[in-house]
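Take a look at the structure below.
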Amino acid sequence: MTAESAERAQQHYDPRDVQEKWQQRWAGMDLFRASDDPADQRPRTYLLDMFPYPSGDLHMGHAEAYAIADAIARYYFHRGDNVLHPIGWDAFGLPAENAAIRNNTHPADWTYANIETQAASFRRYAVSFDWSRRLQTCDPEYYRWNQWLFLRFYERGLAYRKDGYVNWCPVDQTVLANEQVIAGRCERCGSEVVRRMLTQWYFKITEYADRLLADMEPLADKWPDPVLLMQRNWIGRSQGAEIRFPVEGLQEPVTVFTTRPDTLFGATFFVVAADSPLAAEICAPERQAALEEYLTGVRKLTDIERQAADRPKTGVFLGRHAINPGTGEPIPVWASDYVLPDYGTGAIMAVPAHDQRDLDFARAHDLPVRVVVETGEPDPAETGVATPGDGELINSGPLDGLGKAEAIARITGILAADGNGRAAVSYRLRDWLVSRQRFWGTPIPIVYCDACGEMPVPEEQLPVVLPDLRGQDLAPRGVSPLAAATDWVNTECPKCGGHALRDTDTMDTFVDSSWYFLRYCSPHYTGGPFDEAAVRRWAPVDLYVGGVEHAILHLLYSRFFVKVLHDMGTLDFTEPFTRLLNQGQVVNQGRAMSKSLGNGVDLGEQLAVYGVDAIRLTMIFASPPEDDVDWADVNPDAQVKFLGRVWRVSADVGSAAAAGAAEAGAPDGGAAGAGSAAVAGGEGAGHGDVALRRVTHRTIEEVTRLVEVARLNVAVARMMELVSATRKAIDSGPGPADPAVREAAETLVVLLSLFAPYTAEECWELLGHEPSVAQAVWPVADPELLVQERVTCVVQVAGKVRDRLEVPPGISEAELRELALAAPGAVRALAGREPQRVIVRPPRLVNIVPA
RNA sequence: GCGGGCGUGGCGGAAUUGGCAUACGCGGCAGGUUUAGGUCCUGCUGGUGGCAACACCGUGGGGGUUCGAGUCCCCCCGCCCGCACCA
């Protein structure tokens, strides 16, 4: 250790000390602005973090997500790409409204105040955003395009209104989309959802079900498997058949959907959804009272009760029979709540022998069970266990003797020929209910004219701006607060000029987030939601980073929007996000942080204690990006220490250069002043200690690879190894003035700048460079330095390591075999036995199998 | 119930995708520097036996494929996630 570094070792580097200085210096530098210049030939990269909801200040979860995305964004900046890395706020939503009621203010007050807080925190957190593209979805300049898009959907028949049972949250006093009901509870407040009949707006996402499914194919390696699987399951494509059953008293047959048309001959009764119009229609007059009574009981149930797994199957006989088109037999028609009104056709053929639900119902109501597939399992009528498996068809007329697949094909053909049915596909996916009875959202741009009826608001009248409501005006009362704003609600019909009323609902906020990534391409564009040329330039998003909680909702809706916009001819691609990265959560003691558990960790406090760089590094180093980070298991002090080691290396190299310059009266060769200095490599001889150079260049190679595949925790580990090697070279090797040591330090600092921008910038300056290190060129590994001189070859005997050899990497098989057989450890382990077989895998391994 | 994922030291995690298990870090133990503590620098640190060289065991458990398995296949156990009467 030199005297100087011994002295420096006494200094303790505190990463917090340099934050203020660099934050100010960077403020004037505009380092991360994306260029829209068409002449700009750099490769373009669009990197996006899921935009935050402004619920308060940034929290630990944001700190992890943005540390990950920022590291990757900074990497592309260093590579010389024209990078689009924007930020905005998902600013509409219920919490703002609740805060406004509580504080007797306008939701905008709370929203914009929180946005400013978060914006300041993002700057302190040193995220490489292009701030010129900032957007907020609650700005009229933004939400007018929600309305514009709604009208385009409307024109195309993709936005429509219908009556239906909807999920109603009694606490938030609003309708919820299917996707927002989690296990029968409101996604937001957790209260039990009830069913309610309302007239609401829907987006016809089901029309895109097949494409949403098919277009996942090319995403296979680019999106996490669980997300693709969840989407696939959510869409829930089922292949089967529609079969028409004539029903007593009805002119038209009633169609059912089934995935098992082969079991038609076993259909011994028929069930319709009790709360569908069909039930009332079929019901015989003398049974109407019974049906009413049953329905009253059913409607009292919450979804939680309805979905209880082991709930007995209830129902009511409707006094009518249907004709099984297979057997020609009359079968009784029942109504039950186990048949869903909004899946398939709301009616089923019940095959109790081969469907557990139908069997449960049959046993509860004493209905016949007829086995039509011989599966080899015991009789369902006796065991109470249905046999859904494959087998030989029996009791099935023309299907007898066939297997399941053949029987399905045969019966589908017969039904089609007779006009009694056809092959069909059904989806679990329902249309997207977009109406919300809340204030802080985008008004639906529809008016209802006394004379003309439902009328879209003309484009030139957009945006339909929210009225100025605040405080108690916003209190939930079962209808939208907008209904109380009479001046706003009463309007003119755009067609006849007569009296009309505005739609008083607002749009689901997921509409806002379904296209914001397109808006970033031209955030100030006034001719439409986005400038098509700008979108062609940037979109689709190359890498999208966000939590897995959006695996279905947001991502499915965005995919849908992009397909619709594609069909409208405004986009030339059909998928919004080329690659998706789901980062894990930050938890504490194994559990999600929450107020009720009292295990919350405050990001601001963590930053105050350890500084931005150490927290960012802690997030990155703790685990792979997609895994959770348990804050109870990490120690940011370790990262403070690591940052100090990098700083001391940089300081040692920097002051050695200064001393050398003073002595020689000339600047040190490596200390190029420009911010864009090329770091590694260079020409000619005399680059210093080769061993260290090998470490440096191997580190460049590995870190580059690791960042590209987002294995950021390992990338940091490799950098730590380079620090140790450089430290050793300074203390007990060629010393701080060696060019290889400078090369190592400069490399290290550029790599580090992805994760710890403040410390990296400070070190860059210590090394004699102008800011900003963010503009330094990413180092390139010299292939010659990646080739090792000697590699360790493992010599195994019977699969166990018995010796090691240092060999040249190009060693021949024969030569290595010879060396291995002579290796002392191998000779000892063989103990005189003859090798029966020798597996040689040069240059890494030899396995000797003794006789 | 259906679908999927994951189990590696005291802890977080690594392992070029079938080839040295435990990189890197935390924690622990020791040494150096220091008036001392902290800082800083260095070394050791899976288990058992042994003074040691070394041997045996070892990636949730059991079996299999292979010259060779943390990695592939089958069964079981445990934890986590998604869906949940979708016909």
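Bear in mind that the values here come from a model prediction, so they are computed numbers and not experimental data. Letters A, B, ... are given to chains in the order of the sequence lines, protein chains preceding strands, and every chain is numbered from 1.
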Separation between the C1' atoms of B:C73 and B:G25, rounded to whole Å = 35 Å
Could you go step by step and tell me if A:Q589 and A:W631 meet the side-chain contact (heavy atoms from CB on, under 4.5 Å) rule?
-> CA-CA 7 Å; A:Q589 287 150 344; A:W631 206 248; over 6 Å; no
Interatomic distance at C1', B:G10 relative to B:G4, whole Å | 32 Å
Take atom C1' in B:G7 and the same atom in B:G58, then report the distance between them in whole Å.
-> 16 Å
Nearest whole angstrom, please: distance from the C1' of B:A23 to the CG of A:L706.
-> 12 Å
Residue A:R727, side-chain atoms from C-beta onward, closest of B:G3, B:G13, B:C41 | B:C41
Quote, to the nearest angstrom, the C1' distance that separates B:U66 from B:G13.
-> 29 Å
Whom does B:G70 pair with, Watson-Crick or G-U wobble, provided both distances fall under 3.5 Å?
-> none
Would you verify whether the NZ or CZ of A:K313 falls within 45 degrees of the ring axis of A:F361 while also being under 6.0 Å from that six-membered ring's centre?
-> no
Value in whole Å for how far the P atom of B:C40 lies from CG of A:L643 = 12 Å
Under 3.5 Å donor-acceptor pair, A:N847 side-chain atoms to B:C67 base atoms = yes
A:H554 vs A:H550 aromatic rings, parallel, tilted or perpendicular, using cut-offs 30° and 60°?
-> perpendicular
Considering only the C1' atoms, how many Å lie between B:G82 and B:C29, rounded to the nearest integer?
-> 46 Å
How are the rings of A:H365 and A:W334 set relative to one another: parallel (under 30°), tilted (30 to 60°) or perpendicular (over 60°)?
-> tilted
Would you mind classifying the nucleic acid contact of A:L845 as base, sugar-phosphate or nothing, using non-hydrogen atoms under 4.0 angstrom?
-> base
Checking N1-N3 plus N6-O4 or O6-N4 for Watson-Crick, or N1-O2 and O6-N3 for wobble, each under 3.5 Å, the partner of B:G3 is B:C81
Round to the nearest Å and state the distance from A:H550 atom NE2 to B:G82 atom P.
-> 14 Å
Taking the nucleotide of RNA chain B with the closest heavy atom to each, which residue, A:K800 or A:R645, is nearer the 5' end?
-> A:R645
Of all the choices, B:C67, B:G12, B:A21, which nucleotide is nearest to the side chain of A:A622 once you look at every atom?
-> B:G12
If you measure only the distance, is there a donor-acceptor pair under 3.5 Å linking the side chains of A:T263 and A:H354?
-> no
Expressed as a whole number of Å, how far does the C1' atom of B:G70 sit from that of B:U17?
-> 12 Å
Winner on side-chain proximity to A:K313, out of B:C85, B:A55, B:G43, is B:C85
Between A:S336 and B:C85, does any side-chain N or O lie under 4.0 Å from OP1 or OP2?
-> no
OP1 or OP2 of B:A14 less than 4.0 angstrom from a side-chain nitrogen or oxygen of A:N713, does that happen here?
-> yes
Please report, rounded to the nearest Å, how far the P atom of B:G19 is from the CG atom of A:L805.
-> 20 Å
Say you pick atom P in B:A36 and the same atom in B:C51; how far apart are they, in whole Å?
-> 37 Å
Distance below 4.0 Å between A:K641 side-chain N/O and B:G38 OP1 or OP2 | no
For A:W334 and B:A87, what is the distance between atoms CH2 and C1' respectively, to the nearest whole Å?
-> 18 Å
Plane angle bin for A:Y343 and A:F257 - parallel if under 30°, tilted between 30 and 60°, otherwise perpendicular = perpendicular
Whichever of A:R802 and A:R711 has its nearest RNA chain B nucleotide further upstream toward 5' | A:R711
Picking from B:G27, B:G82, B:C24, which would you name as closest to the side chain of A:E721?
-> B:C24
Base, sugar-phosphate, or nothing for A:Q796, non-hydrogen atoms under 4.0 angstrom?
-> base
Nearest listed nucleotide, side chain of A:S724, among B:C85, B:G25, B:C54 | B:G25
note: A:M230, atom CE; B:C2, atom C1'; distance rounded to Å ~ 15 Å
In Watson-Crick or G-U wobble terms, with both distances under 3.5 Å, the base opposite B:G38 is none
Charged N-O contact under 4.0 Å between A:R648 and A:D652 = no
Give a yes or no on this: more than 12 heavy atoms of other residues, nucleotides or ligands lie within 6.0 Å of atom CZ of A:R591.
-> no
OP1, OP2 of B:A84 versus side-chain N and O of A:R428: anything below 4.0 Å?
-> yes
A:H12 side chain: which of B:G19, B:U39, B:G4 is closest?
-> B:U39
Considering only atom C1', compute the distance from B:G12 to B:U8 and round it to an integer number of Å.
-> 12 Å
Check every atom of B:C24, B:C41, B:C20 against the side chain of A:R648 and return the nucleotide holding the closest atom.
-> B:C41
Using whole Å, report how far CD of A:Q231 lies from C1' of B:G3.
-> 16 Å
The side chain of A:Y343 lies closest to which of these nucleotides: B:G82, B:C67, B:A87?
-> B:A87
NA contact type, A:V634, heavy-atom cut-off 4.0 Å: base, sugar-phosphate, or nothing?
-> nothing
Across all strands, who's sitting opposite B:G43 as a Watson-Crick or G-U wobble pair, both distances under 3.5 Å?
-> B:C29
So do the side chains of A:M60 and A:M619 get within less than 4.5 Å of each other, counting heavy atoms only?
-> yes
Side chain A:R844 and base B:G19 donor-acceptor under 3.5 Å = no
Determine if the base of B:G47 is syn or anti; take syn to mean the glycosidic torsion is within 90° of 0.
-> anti
From the options B:C24, B:A87, B:A84, select the nucleotide whose nearest atom is closest to the side chain of A:W234.
-> B:A84
In the strands shown, is B:G58 matched to any nucleotide by a Watson-Crick or G-U wobble pair with both distances under 3.5 Å, and which?
-> none
Out of B:G27, B:G82, B:A14, which has the shortest distance to the side chain of A:P624?
-> B:A14
B:C85 C1' sits how many Å from A:D360 CG, rounded?
-> 10 Å
Test for a donor-acceptor pair under 3.5 Å between the base of B:C20 and the side chain of A:R804, counting only N and O atoms.
-> yes
Per the glycosidic torsion and the 90° limit around 0, nucleotide B:U17 is syn
